[in-house]
Colleague: 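Okay, handing you the structure first.
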Amino acid sequence: MIRPGSRVRMHIRLCLDDGTVADDTRADGDEPVSFTVGTGELLPGLEAVVTGLAAGDRRTVTLPPEQAYGFASPRAVQTLPHDDFPRDLPLKEGLVLGFDTPTGEQIPGLIRRIGEDGVTVDFNHPLAGQTVTVTVEILAVDPP
């Protein structure tokens with residue numbers, strides 16, 4: 001049974017309210033997701049979905065934004081100077097780029113607008129504000 005400290009391997013499918021599949025490890029040909037419960041590798045809302053399950057179990061749950069990817073924050077939208085981007089990079093609205101954080105991690109940013117005052121980049125998670133239906137299939141559970 002999955003509990004804090006368990007190492008879990010599972011397939012996951014995320015669907016939006018309109019039926020759009022946001023992620024599906026089976027359909028995308030991806031490897032199953034592997035994580036340790038309680039280490040922050042997976043969103044707390046998703047950890048709650050799998051807690052108590054065992055290998056072979058499946059569960060489908062609908063999570064509101066506050067239990068999934070949160071709500072979009074206006075503070076996560078920033079206008080950066082054009083000089084912050086390589087001159088040879090063809091910028092266009094809708095382009096997702098990787099940005100280095102002060103801690104050395106890389107996070108995605110979506111180009112929302114290109115103006116004379118700078119480039120507006122949205123650093124919110126792409127699923128922020130979305131209700132998601134999550135289907136998990138537990139493949140393996142290693143005890144803590």
Side-chain angles (χ1 to χ4, degrees), residues 2-53 55 57-142 144:
I2 298 172
R3 60 182 189 266
S6 296
R7 184 80 183 150
V8 179
R9 192 165 160 259
M10 69 180 187
H11 277 295
I12 185 168
R13 177 182 170 103
L14 300 174
C15 294
L16 306 180
D17 278 345
D18 66 2
T20 301
V21 177
D23 191 15
D24 187 344
T25 57
R26 284 193 182 278
D28 296 340
D30 293 341
E31 290 293 316
V33 174
S34 293
F35 66 98
T36 302
V37 176
T39 61
E41 295 172 67
L42 199 65
L43 293 171
L46 293 176
E47 282 191 355
V49 170
V50 302
T51 298
L53 299 180
D57 288 348
R58 284 180 63 107
R59 179 179 281 170
T60 299
V61 177
T62 299
L63 299 174
E66 60 272 16
Q67 292 177 358
Y69 295 92
F71 292 98
S73 168
R75 294 183 305 160
V77 179
Q78 300 176 15
T79 300
L80 304 174
H82 288 279
D83 291 345
D84 283 0
F85 300 88
R87 291 188 188 272
D88 60 343
L89 180 65
L91 294 177
K92 64 179 182 179
E93 292 177 10
L95 179 67
V96 177
L97 297 173
F99 291 83
D100 293 327
T101 67
T103 62
E105 293 179 83
Q106 193 169 80
I107 59 169
L110 173 67
I111 306 295
R112 289 279 184 200
R113 187 179 73 77
I114 301 168
E116 290 192 22
D117 61 334
V119 180
T120 303
V121 181
D122 186 345
F123 292 102
N124 284 294
H125 189 282
L127 298 179
Q130 299 281 336
T131 296
V132 294
T133 298
V134 180
T135 300
V136 297
E137 178 184 353
I138 308 302
L139 303 174
V141 179
D142 294 328

Colleague: More than 12 heavy atoms of other residues, nucleotides or ligands under 6.0 Å from CD of Glu31: yes or no?
Modeller: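 Open.
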Colleague: If you measure from CZ on Phe123 to CG on Leu80, what distance do you get to the nearest 0.5 Å?
Modeller: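 Reported to 0.5 Å precision, the distance equals 5.5 Å.
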Colleague: Please find the pair of heavy atoms, one from Phe35 and one from Glu41, that lie closest to each other, and give the distance.
Modeller: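 So the minimum-distance heavy-atom pair works out to CA-OE1, 3.6 Å.
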Colleague: Hey, could you give me the OG1/CG distance between Thr25 and Asp23, rounded to the nearest 0.5 Å?
Modeller: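 The CG atom of Asp23 is 7.0 Å from OG1 of Thr25, to the nearest 0.5 Å.
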Colleague: Nearest 0.5 Å please: distance from the OG1 atom of Thr120 over to the CD atom of Gln78.
Modeller: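 Answer rounded to 0.5 Å: 10.0 Å.
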Colleague: Donor-acceptor pair, Ser6 side chain versus Val8 backbone, under 3.5 Å?
Modeller: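 The answer is no, because no donor-acceptor pair under 3.5 Å joins these two groups.
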Colleague: Heavy atoms only: give me the nearest Leu127-Leu16 pair and the separation to one decimal.
Modeller: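 Looking at all heavy atoms of both residues, the shortest contact is CD2-CD2, 3.8 Å.
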Colleague: Any chance you could lay out the side-chain contact (heavy atoms from CB on, under 4.5 Å) test for His11 and Leu139, step after step, and finish with the verdict?
Modeller: CA-CA 7 Å; His11 277 295; Leu139 303 174; 3.6 Å; yes
Colleague: Can you see which heavy atom on Asn124 is nearest to which on Ala72, and at what distance?
Modeller: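 Taking every non-hydrogen atom into account, OD1-CA, 3.4 Å.
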Colleague: Might you work through the side-chain contact (heavy atoms from CB on, under 4.5 Å) test for Ile114 and Phe85, ending with a clear yes or no?
Modeller: CA-CA 12 Å; Ile114 301 168; Phe85 300 88; over 6 Å; no
Colleague: Any non-hydrogen side-chain atom of Leu46 less than 4.5 Å from a side-chain atom of Val136?
Modeller: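 The answer is no, as the side chains (C-beta and beyond) never meet within the 4.5 Å cut-off.
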Colleague: So which atom in Arg113 and which in Gly115 form the shortest heavy-atom distance, rounded to 0.1 Å?
Modeller: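 Distance-wise, the nearest heavy atoms are NH1-CA, 3.3 Å.
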Colleague: According to the interplanar angle, ranging from 0 to 90°, do the rings of His125 and Tyr69 count as parallel (below 30°), tilted (30 to 60°) or perpendicular (above 60°)?
Modeller: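 If you compare the ring of His125 with that of Tyr69, the planes turn out parallel.
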Colleague: Which pair of non-hydrogen atoms, one from Thr36 and one from Gly5, has the smallest distance, and what is that distance?
Modeller: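 Closest approach of Thr36 to Gly5: CG2-O, 3.6 Å.
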Colleague: Which value, rounded to the nearest 0.5 Å, describes the distance between Arg7 atom CZ and Thr39 atom OG1?
Modeller: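 Going from CZ on Arg7 over to OG1 on Thr39, the span is 7.5 Å.
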Colleague: What's the spacing between Ile12 CD1 and Ile138 CD1 if we round to 0.5 Å?
Modeller: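 Here the rounded value is 9.0 Å.
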Colleague: Measure the CG-CD1 distance between Leu97 and Ile111 for me, rounded to the nearest 0.5 Å.
Modeller: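 Atom-to-atom, Leu97:CG and Ile111:CD1 are 4.5 Å apart.
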Colleague: Considering only heavy atoms from C-beta outward, does the side chain of Met10 approach that of Leu42 to under 4.5 Å?
Modeller: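 Side-chain contact under 4.5 Å: yes.
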Colleague: How close do Glu137 and Arg58 get, counting heavy atoms only, and between which atoms?
Modeller: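 Reported closest heavy-atom pair: OE1-NH1, 3.6 Å.
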Colleague: I'd like to check Glu47 versus Ile2 (side-chain heavy atoms, cut-off strictly below 4.5 Å). Are they in contact?
Modeller: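 Sidechains of Ile2 and Glu47: no contact.
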Colleague: By the definition side-chain contact (heavy atoms from CB on, under 4.5 Å), identify the one residue from Arg59, Arg26, Arg13 that meets it with Thr135.
Modeller: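 Only one option passes, and that is Arg13.
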